[in-house]
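Read through the structure below, which is laid out as structure tokens, and then see the notes.
Just so we're clear, the structure is a prediction, and the values are computed from it rather than from any experiment.
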Amino acid sequence: IAGFVLGWLVARGRSPRMFMGIGMVLWACAAILLVTMNDTQVLLTIGALVAGLATGLVNSSLPNVVIQASPAGEQASVAGTVQLVQTGLGAIAPVIMFTLMAPYIGRSSTGGIVYGIEGFQIWLYGSAGLIAILVVLACTVLRARPGEVQTLEHQAATAKAKANAEERL
């Protein structure tokens with residue numbers, strides 16, 4: 001759902017970077033919600049829905065950010081690099097999560113493994129902290145700079161202005 005809404009809004013001139021930032025902030029909020037409000041199924045469902053919305057916003061905005069922030073000739077290689085990083089982080093994150101949760105493993109009465117709440121709390125608080133750092137980096141070091149964004153409308157306006165200037169000469 002987030003992808004369709006984002007696509008509709010980006011097509012009408014909204015910045016995909018804004019939606020990526022909103023999604024990242026929602027991820028951190030979802031992590032905090034899941035740690036602090038997890039007493040009932042309803043609260044867990046709300047936390048999961050916020051996390052799902054955040055995931056949809058970030059994943060659907062990323063291709064548009066690549067298009068907006070990189071020159072047309074370099075978009076394929078940039079998109080490939082982004083995909084490589086996404087895949088790598090997606091493979092590494094569960095390993096880190098279960099490593100952090102391993103010291104808190106318990107056994108159920110049926111002999112199964114049960115992860116303690118402390119492990120989940122460490123993982124979710126750590127995730128929220130990392131996301132906060134990434135949001136700060138995105139808003140400072142990685143922010144859009146004047147002249148960097150090359151939307152189709154901007155390219156068309158530039159080409160038209162160039163043609164008009166050449167016509168006058």
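Atoms CG and CG, on L53 and L49 in that order, are 8.5 Å from each other to the nearest 0.5 Å. We find the CG-CD1 distance between L26 and I131 to be 10.0 Å, quoted to the nearest 0.5 Å. Residue M24 holds its CE atom at 12.0 Å from OG1 of T55, rounded to the nearest 0.5 Å. The OG atom of S127 lies 9.5 Å from the CD1 atom of I96; values are rounded to the nearest 0.5 Å. Considering OG1 of T36 and CD of Q121, their distance stands at 9.5 Å, rounded to 0.5 Å. Remark: L134 CG to C139 SG distance equals 11.0 Å, nearest 0.5 Å.
A tilted orientation is assigned to the rings of Y115 and F98, their planes being inclined by 30° to 60°.
Hydrophobic clustering (side-chain heavy atoms under 4.5 Å, transitive across Ile, Leu, Val, Met, Phe, Trp, Tyr) groups F19 together with V50. Placement of V35 and W27 in two distinct hydrophobic clusters is found when ILVMFWY residues are connected by side-chain heavy-atom separations under 4.5 Å, directly or transitively. In the hydrophobic clustering of ILVMFWY residues, with side-chain heavy atoms under 4.5 Å counting as a link, V114 and I105 come out apart. By the rule that hydrophobic residues join a cluster once side-chain heavy atoms approach within less than 4.5 Å of another member, Y125 and W123 end up as members of one cluster. In terms of hydrophobic clustering, with Ile, Leu, Val, Met, Phe, Trp and Tyr side chains grouped at heavy-atom distances under 4.5 Å, M97 and Y104 are assigned to a common cluster.
In this structure, L6 and N64 have side chains that are in contact, with non-hydrogen atoms separated by less than 4.5 Å. Residues N38 and L43 form no side-chain contact, since every pair of their non-hydrogen atoms from C-beta on lies 4.5 Å or further apart. Considering only heavy atoms from C-beta on, I46 comes within 4.5 Å of V42 through its side chain.
In this structure, the side chain of S70 does not engage the main chain of E74 through any donor-acceptor pair within 3.5 Å. Checked by atom type and distance alone, the side chain of S61 pairs as donor or acceptor with a backbone atom of V58 at under 3.5 Å.
Considering all non-hydrogen atoms of both residues, M20 and V65 come closest at CE-CG2, 3.6 Å. Closest non-hydrogen pair, Q75 versus V66, comes out as O-CG1, 4.0 Å. Here the closest heavy-atom approach between residue G47 and residue L34 is recorded as CA-CD2, 3.9 Å. Across all non-hydrogen atoms, the minimal contact from A54 to G23 is CB-O, 3.2 Å. Across every non-hydrogen atom of A91 and P94, the tightest pair is O-CD, 3.6 Å. Scanning both residues, A31 and A128, for their nearest heavy atoms gives CB-CB, 4.1 Å.
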Does Q86 form a side-chain contact (heavy atoms from CB on, under 4.5 Å) with N59? I'd like the steps, not just the answer.
CA-CA 10 Å; Q86 276 185 309; N59 287 340; 3.5 Å; yes

